J.: 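Please read through the structure below; I'll follow up with questions.
Note that this is a predicted model, so its numbers are computed, not measured.
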Amino acid sequence: MATISPLLLPLALLALLAASSAAVAQLEIGFYSKTCPQVEEIVREEMVKIIAAAPSLAGPLLRLHFHDCFVNGCDASVLLESTEGNVAEKDAKPNKSLRGFGSVERVKAKLEAACPGVVSCADVLTLMSRDAVVLAKGPNWPVALGRRDGKASSATEASHELPPAYGDIPLLVKIFASKGLNLKDLVVLSGAHTLGTAHCPSYADRLYNATGTDVDPSLDSEYADKLRLKCKSLDDQSMLSEMDPGSYKTFDSSYYGHVAKRRGLFRSDAALLTDDTTRDYVQRVATGKFDAEFFKDFSESMIKMGNVGVLTGAEGEIRKKCHVLN
């Protein structure tokens, strides 16, 4: 497509374009090609060191990106610290177990040294989540850049907008649809549970009811017995369980094999078997014969999620440090 010189545009049209940052500066591949051409190389280099030292961080870094994008879009607001007058997203109950903040600051510091005030924390987090997947032997995908950092962060909004671990299909579909994501994105992005661990309280209600006895009937009984050995009560904060047992540091399709056998850790995992479309996808990928298809689907859904509610142009800011506003 030919580029129109600004000199040929009427001043009124230029003013209109300037007033609409979304029209002026959408996300694009190579956004920093002139201002910070080594951005992806710098991020990847640091991520190689981070994951080599702590392979278990791949899941938490991917989760950070998810939890950011589902609350006010992918604007790095999940990274902001609470202040005297505001409780930020990271201090919301669903975010209390988030990890990897120090790694984000580490990568951001490298970029600030190379290209001061240029690359947003939102773009850093998006690139880091992609690289976390790649370094865990998962798929690679192109990341369009140009996100800006948000100036607001609310624990209340995080509590309302994040997909809960107890969610059933109607609730999860509603939340995903509010972000422009569909039923296929839901079942595909659930595959992110192939990486990482979870604290006992996020699934303990499947093991114990108010009297401390009944097990969720949608959970395989043998698996439930194993979980109860680790998770002793509804409020046991001490133990972690692998979301994809035996493979929680590697991005693969084995998560779907566990879900198909009724061994998904969360109610939201089990819910995937209650809908025809999501159940068919789970059972298909669980065979282990469609890894390439799952990797392609995951890449496409991650690109969609990474575009949710982004700030561009003159919106927001470019933070110097990701945990505080400029």
J.: Show your working on salt bridge (charged side-chain N to carboxylate O under 4.0 Å, His left out) between Arg148 and Asp75 and close with a plain yes or no.
T.: CA-CA 6 Å; Arg148 305 268 294 181; Asp75 66 347; over 6 Å; no
J.: What is the minimum heavy-atom distance between Ala132 and Ala58, and which atoms define it?
T.: CB-O, 3.7 Å
J.: Please report the shortest heavy-atom distance between Glu112 and Val119, naming the atom on each side.
T.: OE2-O, 4.5 Å
J.: What distance do Gln38 atom CD and Ser33 atom OG have between them, rounded to the nearest 0.5 Å?
T.: 13.0 Å
J.: Cys74 versus His65: any side-chain heavy-atom pair under 4.5 Å?
T.: yes
J.: Please report the shortest heavy-atom distance between Ala271 and Thr278, naming the atom on each side.
T.: O-OG1, 4.5 Å
J.: Kindly write out the residues that satisfy side-chain hydrogen bond (donor to acceptor under 3.5 Å, both in side chains) with Asp91, not counting sequence neighbours, or none if the list is empty.
T.: Ser82
J.: Considering residues at least two apart in sequence or located in another chain, which fulfil the ring pair (Phe, Tyr, Trp, His ring centres under 6.0 Å) criterion with Phe295?
T.: Phe251
J.: Working note: Ser218 + Arg206, criterion side-chain hydrogen bond (donor to acceptor under 3.5 Å, both in side chains); need CA distance, chi angles, decisive distance, verdict.
T.: CA-CA 9 Å; Ser218 69; Arg206 304 189 72 196; 3.1 Å; yes
J.: Would one find more than 12 heavy atoms of other residues, nucleotides or ligands at under 6.0 Å from atom NZ of Lys304?
T.: yes
J.: For residues 253-277, which residue pairs qualify under ring-ring contact (aromatic ring centres under 6.0 Å, His included), counting only residues two or more places apart or in two chains?
T.: His193-Tyr255, His193-Phe266, Tyr256-Tyr281, Tyr256-Phe294
J.: Please list, chain by chain and in numerical order, all residues satisfying salt bridge (Lys or Arg N to Asp or Glu O under 4.0 Å) with Lys249, sequence neighbours excluded.
T.: none
J.: Quick check: closest heavy atoms across Cys121 and Arg319, and the distance to 0.1 Å?
T.: SG-CB, 3.9 Å
J.: Taking atom CD of Glu293 as the centre, report whether more than 12 heavy atoms of other residues, nucleotides or ligands fall under 6.0 Å from it.
T.: yes
J.: Taking salt bridge (Lys or Arg N to Asp or Glu O under 4.0 Å) as the test, write out the residues that go with Arg44, two or more places apart.
T.: Asp131
J.: With a 3.5 Å distance limit and no angle check, can you tell me whether Asp220 reaches the backbone of Arg263 through a side-chain donor-acceptor pair?
T.: no
J.: Residues two or more places apart in sequence or in another chain: which of them pass side-chain contact (heavy atoms from CB on, under 4.5 Å) with Ser221?
T.: none
J.: Does any part of the side chain of Ser178, heavy atoms only, come nearer than 4.5 Å to the side chain of Glu161, both counted from C-beta?
T.: no
J.: Starting from Leu189, can I reach Ile303 by hopping between I/L/V/M/F/W/Y residues whose side chains sit under 4.5 Å apart?
T.: yes
J.: Can you see whether Arg63 engages Ser129 through a side-chain donor-acceptor pair at a distance of less than 3.5 angstrom?
T.: no
J.: Is any side-chain heavy atom of Leu61 less than 4.5 Å from a side-chain heavy atom of Ser103?
T.: yes
J.: So, the side chain of Ser202 versus the backbone of Ala198: is there a donor-acceptor pair under 3.5 Å, distance only?
T.: no
J.: State, yes or no, whether a side-chain contact exists between Met302 and Arg130 at a heavy-atom distance under 4.5 Å.
T.: no
J.: Regarding Asp252 and Thr250, do their side chains bring together a donor and an acceptor under 3.5 Å, going by distance alone?
T.: no
J.: Do Phe31 and Ile318 share a hydrophobic cluster (ILVMFWY, side-chain heavy atoms under 4.5 Å, transitive)?
T.: no
J.: Any side-chain heavy atom of Leu79 within less than 4.5 Å of one from Phe101?
T.: yes
J.: Taking only residues two or more places apart in sequence, or in another chain, which ones meet Tyr223 in a ring pair (Phe, Tyr, Trp, His ring centres under 6.0 Å)?
T.: none
J.: Applying ring pair (Phe, Tyr, Trp, His ring centres under 6.0 Å), can you list everything that pairs with Phe66, at least two apart in sequence or on another chain?
T.: none
J.: Taking all heavy atoms of Lys232 and all of Leu229, pick out the closest pair and write down the distance.
T.: NZ-O, 2.9 Å
J.: Main chain of Val188, side chain of Asp297: is a donor-acceptor contact present, judged purely on distance under 3.5 Å?
T.: no
J.: List the steps, then state whether salt bridge (charged side-chain N to carboxylate O under 4.0 Å, His left out) holds for Glu300 with Lys296.
T.: CA-CA 6 Å; Glu300 291 174 353; Lys296 178 177 178 290; 2.7 Å; yes
J.: Donor-acceptor pair, Lys179 side chain versus Phe70 backbone, under 3.5 Å?
T.: yes
J.: With sequence neighbours excluded, what pairs up with Ser241 under the side-chain hydrogen bond (donor to acceptor under 3.5 Å, both in side chains) test?
T.: Tyr203
J.: Any side chain to side chain donor-acceptor pair (under 3.5 Å) pairs touching residues 163-177, not counting sequence neighbours?
T.: none
J.: Does Asn182 offer a backbone N or O that forms a donor-acceptor pair with the side chain of Asp185 under 3.5 Å?
T.: yes
J.: Are any side-chain N or O atoms of Ser301 and backbone N or O atoms of Phe298, one a donor and one an acceptor, separated by less than 3.5 Å?
T.: no
J.: Can you name the closest pair of heavy atoms from Leu125 and Val78 and give their distance?
T.: CD2-CG1, 4.2 Å
J.: Go through the steps to decide whether Met239 and Cys231 satisfy the test side-chain contact (heavy atoms from CB on, under 4.5 Å), and finish with yes or no.
T.: CA-CA 6 Å; Met239 294 303 298; Cys231 180; 5.7 Å; no
J.: My understanding is that only one of Glu89, Glu157, Lys151, His67 makes a side chain to side chain donor-acceptor pair (under 3.5 Å) with Ser77; could you say which?
T.: Glu89
J.: Just by modelled atom types, is the Asp244 backbone N or O under 3.5 Å from a matching donor or acceptor in the Ser247 side chain?
T.: no
J.: For the pair Leu27 and Arg147, evaluate side-chain contact (heavy atoms from CB on, under 4.5 Å) and give the outcome as yes or no after the intermediate values.
T.: CA-CA 7 Å; Leu27 303 184; Arg147 295 166 190 78; 3.7 Å; yes
J.: Which residues, ordered by chain and number, are linked to Leu240 in its hydrophobic cluster, where ILVMFWY side chains connect at heavy-atom gaps below 4.5 Å, directly or through other members?
T.: none
J.: Starting from Leu80, walk the hydrophobic network (Ile, Leu, Val, Met, Phe, Trp, Tyr; side-chain heavy atoms closer than 4.5 Å) and list everyone else you reach, by chain and number.
T.: Leu325
J.: With heavy-atom distances below 4.5 Å as the criterion, would you say the side chains of Leu207 and Leu227 are in contact?
T.: yes
J.: Atom CG of Leu186 and atom CD1 of Ile175: how far apart are they, to the nearest 0.5 Å?
T.: 10.0 Å
J.: With a 4.5 Å limit on heavy-atom distance, are the side chains of Val39 and Leu127 in contact?
T.: yes
J.: If you group Ile, Leu, Val, Met, Phe, Trp and Tyr by side-chain heavy-atom gaps below 4.5 Å, do Leu145 and Val134 land in one group?
T.: no
J.: Heavy-atom distance under 4.5 Å between the side chains of Ser120 and Tyr32, does that happen here?
T.: yes
J.: Stepwise, does the salt bridge (charged side-chain N to carboxylate O under 4.0 Å, His left out) test hold for Asp276 with Arg279?
T.: CA-CA 5 Å; Asp276 289 344; Arg279 181 175 61 252; 2.5 Å; yes
J.: Determine, using the 4.5 Å side-chain heavy-atom cutoff (strictly less than), whether Leu171 and Leu272 are members of one ILVMFWY cluster.
T.: yes
J.: Does Asp68 reach the main-chain N or O of Ala76 with its side chain, forming a donor-acceptor pair under 3.5 Å?
T.: yes
J.: Is there a path of hydrophobic side-chain contacts, each under 4.5 Å between heavy atoms, that joins Met305 and Val124?
T.: yes
J.: What distance do His160 atom NE2 and Leu162 atom CG have between them, rounded to the nearest 0.5 Å?
T.: 11.0 Å
